[in-house]
Visitor: 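Handing you this structure, nothing more for now.
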Amino acid sequence: MVFSSGMAAVMAVFGTALLANGRGSVLVMPSDGYYTARMLASGYLSHSGVEVRVAPTAGDAQLGKLDGASLLWLETPSNPSLDVCDLARLIEAAHEKGALVAVDNTTATFLSQRPLELGADFSVSSDSKTLTGHSDLTLGHVATREQSWRDALRGFRTQQGSVPGPFEVWLAHRSLATLCLRFDRQCANAMKVAQFLAKRPEVKQVRYPGLSGDPSYHVAVRQMKGFGPVVSFVLGNKETADRFLESCRLVLSSTSFGGVHTTAERRARWGGDAIPEGFVRLSAGCEDVDDILEDIAQALDRAVE
Ligand SMILES: Cc1ncc(COP(=O)(O)O)c(C=O)c1O
């Protein structure tokens, strides 16, 4: 079921799986997932009588919060810190406790990670990102195997008015034809960027699930077919990170991710995430990787000079 944005898709799952049951529903979600989904939960949902429990993605920490849960919400790799949780393990545990499970699959996409095949009830995605990949539209979707959930989502979409625009859907349909080409190239470029950054002394805490030393690596190789376009890292402080971004010529400053052009932003400028001021989230595009690395190298040199 396609929606007008990723957040509209998120809200449709919250609405049908939690709010439709009236007060007393319990939502368990990551403390480090996408900020706006957390705000929606701690604001509107909790004011509507939903109990919201949070735990970090790393170490499958939601396992300890499942008693009495109605919906387990997972996001892996988490945005922006790129921790990975073990979907099969969490889904099984949640189902044993009688909870539904939804997975935000935005960062991985369904090419890399298949939550429904691992037993999830809903797979949710912001298709404004990698899936459509041209940074020119907002869209989202929810996939489910159950006809009754599909019907409920459709009903919620009609009542909420979150139908996608026809032009956006047309653009998305055209863009999907190149998804697998874009995704393979972006994953390959992201891996090289992560390996390059890991060797630079001024760069700390490089996170990419495909790096063999990354805390997410062992679960990620089992669960994902590609590690996605997003890499994160930390520069000394706010000023250094800002100088890095201003010095980039090819890497564009942008909040969104997953597009054909390499983009980056200093994530802490928005607040709400437990990350250092110098934390940078970079999304590798489809350019020649040598051009990307050359640009990052010259921008790092300028940032620390
Ligand atoms: C993981 C994740 N889920 C959902 C969303 C919301 O998507 P949209 O911007 O299409 O509403 C985002 C947006 O950044 C995201 O990163």
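These figures come from a predicted structure and were not determined experimentally. Counting starts at 1 for both ligands and their atoms, following the listed order.
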Visitor: For ligand 1, find out whether one of its N or O atoms is nearer than 3.5 Å to an N or O atom of Asp104.
Guide: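 For ligand 1, there is an N or O atom that lies under 3.5 Å from one belonging to Asp104.
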
Visitor: Please report which non-hydrogen protein atom sits nearest to atom 15 (C) of ligand 1, along with the residue it belongs to and the distance in Å to one decimal place.
Guide: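 That would be Tyr34 CG, 3.6 Å.
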
Visitor: Side chains of Ser125 and Asn105: do they bring a donor and an acceptor to under 3.5 Å?
Guide: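 There is no such pair (donor and acceptor under 3.5 Å, judged by atom type) between the side chains of Ser125 and Asn105.
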
Visitor: Are side-chain heavy atoms of Gln62 and Arg53 found at a separation under 4.5 Å?
Guide: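 With C-beta onward as the side chain, the pair stays apart.
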
Visitor: Test your reading of the structure: does Lys129 have an N or O sitting under 3.5 Å from an N or O of ligand 1?
Guide: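 Between Lys129 and ligand 1, an N or O pair is found under 3.5 Å apart.
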
Visitor: Under 3.5 Å between any N/O of Phe257 and any N/O of ligand 1: does that happen in this structure?
Guide: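 No, Phe257 has no N/O under 3.5 Å of an N/O on ligand 1.
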
Visitor: Which protein heavy atom lies closest to atom 10 (O) of ligand 1, and at what distance to 0.1 Å?
Guide: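 Checked against all protein heavy atoms, atom 10 (O) of ligand 1 sits closest to Ser128 OG, 2.6 Å.
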
Visitor: Purely on distance, is any nitrogen or oxygen of Asn79 under 3.5 Å from one on ligand 1?
Guide: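 Min N/O separation from ligand 1 is below 3.5 Å for Asn79.
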
Visitor: Considering only NZ, NE, NH1 and NH2 on the basic side and carboxylate oxygens on the acidic side, decide whether Arg302 and Glu246 come within less than 4.0 Å.
Guide: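 Looking at Arg302 and Glu246, the cut-off is not met.
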
Visitor: Tell me whether the centres of the aromatic rings in Tyr35 and Trp270 are closer together than 6.0 Å.
Guide: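 No, too far apart.
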
Visitor: Do Leu19 and Leu153 land in one hydrophobic cluster if side-chain heavy atoms of ILVMFWY residues count as linked below 4.5 Å?
Guide: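 Leu19 and Leu153: one cluster.
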
Visitor: Taking distance alone, with no angle check, do Met7 and ligand 1 share an N/O pair under 3.5 Å?
Guide: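 It does: an N or O of Met7 is found under 3.5 Å from an N or O of ligand 1.
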
Visitor: Do Asp242 and Arg269 meet the salt-bridge criterion of a basic N to acidic O distance under 4.0 Å?
Guide: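 The answer is no: the pair does not qualify as a salt bridge.
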
